[in-house]
Q: 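Would you mind keeping the following structure in view while I ask a few things?
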Amino acid sequence: MAHNAFYAQSGGVTAVINASACAVIETCRRHPDRIGKVYAGHNGIIGALTEDLIDVNRESDEAIAALRHTPGGAFGSCRYKLKDIETHRTQYERLIEVFRAHDIRYFFYNGGGDSADTCLKVSQLSEKLGYPLTAIHVPKTVDNDLPITDNSPGFGSVAKYIATSTLEASLDIASMCATSTKVFVLEVMGRHAGWIAASGALAGSGEGEPPHLIIFPEVAFNREAVMARVDEAVKTYGYCVIVVSEGARYEDGTFLADSGNTDAFGHRQLGGVAPTLAGMVKQDLGYKYHWAVADYLQRAARHLASRTDVEQAYAVGEKAVELALAGKNSMMPAIKRVSNTPYAWTIEPAPLAEVANREKFMPREYIREDGFGITEACRQYLSPLIQGEDFPPFENGLPKVAKLALHRVERKLPAFKI
């Protein structure tokens with residue numbers, strides 16, 4: 001007997017999260033004998049709690065296929081973390097109530113570490129309540145900090161964008177440094193892990209090629225050492241290009257740019273490390289500077305997506321459905337690297353209990369001894385992830401994106417306040 005499936009997106013979106021959505025939906029459609037309808041949660045898990053469901057079956061095959069080259073979160077995402085079951089049991093019970101009302105037996109949650117935790121908890125509670133639900137986490141995060149998986153879908157495209165932006169901006173600075181800007185600072189995402197900042201190093205590899213400094217969250221920020229290196233680069237090469245992670249911090253753990261606020265997940269709100277660092281350059285060295293914050297541009301740039309990343313994002317979505325149909329539960333399809341040259345990979349299941357609430361940081365052997373760059377081992381790890389282009393179709397000079405009808409499913413339960 002066929003039962004229905006639920007899919008939702010969580011956390012900050014990526015350039016390829018919709019490729020995973022495309023894969024989940026298309027794979028479900030290939031198994032009508034096992035999976036009836038596919039419902040999507042409007043605005044992630046909030047859609048399940050409030051019974052705000054989207055009937056994906058009413059979307060055309062063409063519209064679903066177009067998700068593969070569309071950035072953003074097609075069904076709406078959210079930053080909303082379900083707390084522990086003991087103190088917020090009513091929310092978990094509400095999820096099971098909604099799933100029961102709509103005969104949902106398959107739960108696919110597409111997100112990072114916090115959504116892996118939610119997926120695990122929903123699976124555990126459904127078992128306690130005796131409701132047959134198969135919960136599979138579909139990995140996604142630009143931060144590349146999910147454990148077990150070799151890399152996280154979404155990261156490869158951000159890495160390609162940051163490496164490209166670093167290269168292009170460096171050429172701009174180099175051409176004007178004799179009479180204008182001497183120092184350029186690019187701020188990238190990465191709260192605790194410096195993977196995105198590291199990808200900026202792919203812009204150059206020879207002596208003196210930018211970026212001249214990378215500032216990682218994993219390496220304590222030393223103002224005197226950083227300023228000395230900036231000064232040396234300017235005097236040696238005429239200019240200095242810096243890539244800095246938003247999570248750069250001092251020895252005591254204090255962020256260089258902490259707004260003093262927290263987000264819905266309890267994480268410190270960051271932003272502004274580029275102007276903070278540029279201000280230090282001006283104050284300590286007196287050099288003319290410019291700074292930029294990649295911000296949402298880095299995770300929305302589908303026009304420059306890595307083909308490797310697109311293929312992997314689709315593969316984990318497809319594998320998620322296959323795992324569910326094979327009777328696997330509380331799992332995440334993880335990418336396993338088979339070889340660097342030629343680059344080869346496969347997908348293997350990983351237990352959610354080993355994924356949830358764990359972060360993967362930059363290994364020390366990936367960071368240069370002086371703390372300001374990457375090693376050859378890191379370059380070999382990163383390089384395959386940015387390979388290949390997967391351009392979207394263009395129309396009137398702009399990328400053509402999916403346009404979904406987003407038909408709502410009729411509610412069957414009383415309203416629920418979150």
Q: Any heavy-atom pair between the side chains of L352 and M331 that's under 4.5 Å?
A: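 M331 vs L352: side chains apart.
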Q: Any salt bridge linking K160 with E389? Criterion: basic side-chain nitrogen under 4.0 Å from a carboxylate oxygen.
A: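 Answer for the salt bridge query: yes.
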Q: Establish, yes or no, whether a centroid distance under 6.0 Å links the rings of F99 and F6.
A: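 Yes: the rings meet the under 6.0 Å criterion.
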Q: Decide, yes or no, whether a salt bridge links R307 with D390 under the criterion of side-chain N to carboxylate O below 4.0 Å.
A: no
Q: If you apply the rule side chain to side chain donor-acceptor pair (under 3.5 Å), what do you find for Y7 with N110, and how did you get there?
A: CA-CA 8 Å; Y7 167 82; N110 199 173; 2.7 Å; yes
Q: Please say whether the positively charged group of R368, taken as NZ for Lys or CZ for Arg, lies over the ring of F372, i.e. under 6.0 angstrom from the six-membered ring centre and within 45 degrees of the axis.
A: no
Q: Can you see which heavy atom on A163 is nearest to which on S199, and at what distance?
A: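 Closest approach of A163 to S199: CB-O, 3.4 Å.
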Q: Does any donor atom in the side chain of D117 or N357 lie under 3.5 Å from an acceptor atom in the other side chain?
A: yes
Q: Going by an N to O cut-off under 4.0 Å, is there a salt bridge joining R30 and E318?
A: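 Yes, this pair counts.
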Q: Taking all atoms of both residues into account, what is the closest heavy-atom pair of A294 and L186, and its distance?
A: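 So the minimum-distance heavy-atom pair works out to N-CD1, 4.2 Å.
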Q: Side chain of T70, backbone of A66: donor and acceptor closer than 3.5 Å?
A: yes
Q: Before accepting this row, confirm whether a basic side-chain N of the pair D143/R191 lies closer than 4.0 Å to the acidic partner's carboxylate O.
A: no
Q: Please report the closest heavy-atom contact between Y80 and L49, naming both atoms and the distance.
A: CE2-CD1, 3.7 Å
Q: Check the pair Y250 / L256 against side chain to side chain contact (heavy atoms under 4.5 Å, CB included), numbers first and verdict last.
A: CA-CA 7 Å; Y250 294 102; L256 267 68; 3.9 Å; yes
Q: Would Y109 and F107 count as a close aromatic pair, with their ring centres under 6.0 Å?
A: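 Between Y109 and F107, the centre distance is under 6.0 Å.
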Q: I need the minimum non-hydrogen distance between V24 and G317, along with the two atoms involved.
A: CG2-O, 3.6 Å
Q: Show the nearest heavy-atom pair for residues E207 and Y237, with the distance to one decimal.
A: OE2-OH, 2.6 Å
Q: Flag the pair R229 and E232 as a salt bridge only when some basic side-chain nitrogen lies within less than 4.0 angstrom of an acidic carboxylate oxygen.
A: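 Salt bridge: yes.
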Q: Could you verify whether a donor N or O on one side chain and an acceptor N or O on the other, from E218 and H192, lie under 3.5 Å apart?
A: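 On atom types as modelled, these side chains do not qualify, holding no pair under 3.5 Å.
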Q: Applying side chain to side chain donor-acceptor pair (under 3.5 Å) between N18 and each of R302, H69, R68, Q9, report the one that passes.
A: Q9
Q: Any chance the rings of H137 and F108 have centres within less than 6.0 Å?
A: no
Q: If you measure only the distance, is there a donor-acceptor pair under 3.5 Å linking the side chains of T254 and D252?
A: yes
Q: Give a yes or no on whether the ring-centroid distance for W195 and F216 is below 6.0 angstrom.
A: no
Q: Please report the closest heavy-atom contact between L120 and A356, naming both atoms and the distance.
A: CD2-CB, 4.2 Å
Q: Have a look at D114 and tell me which of R358, R79, K81 forms a salt bridge (charged side-chain N to carboxylate O under 4.0 Å, His left out) with it.
A: K81
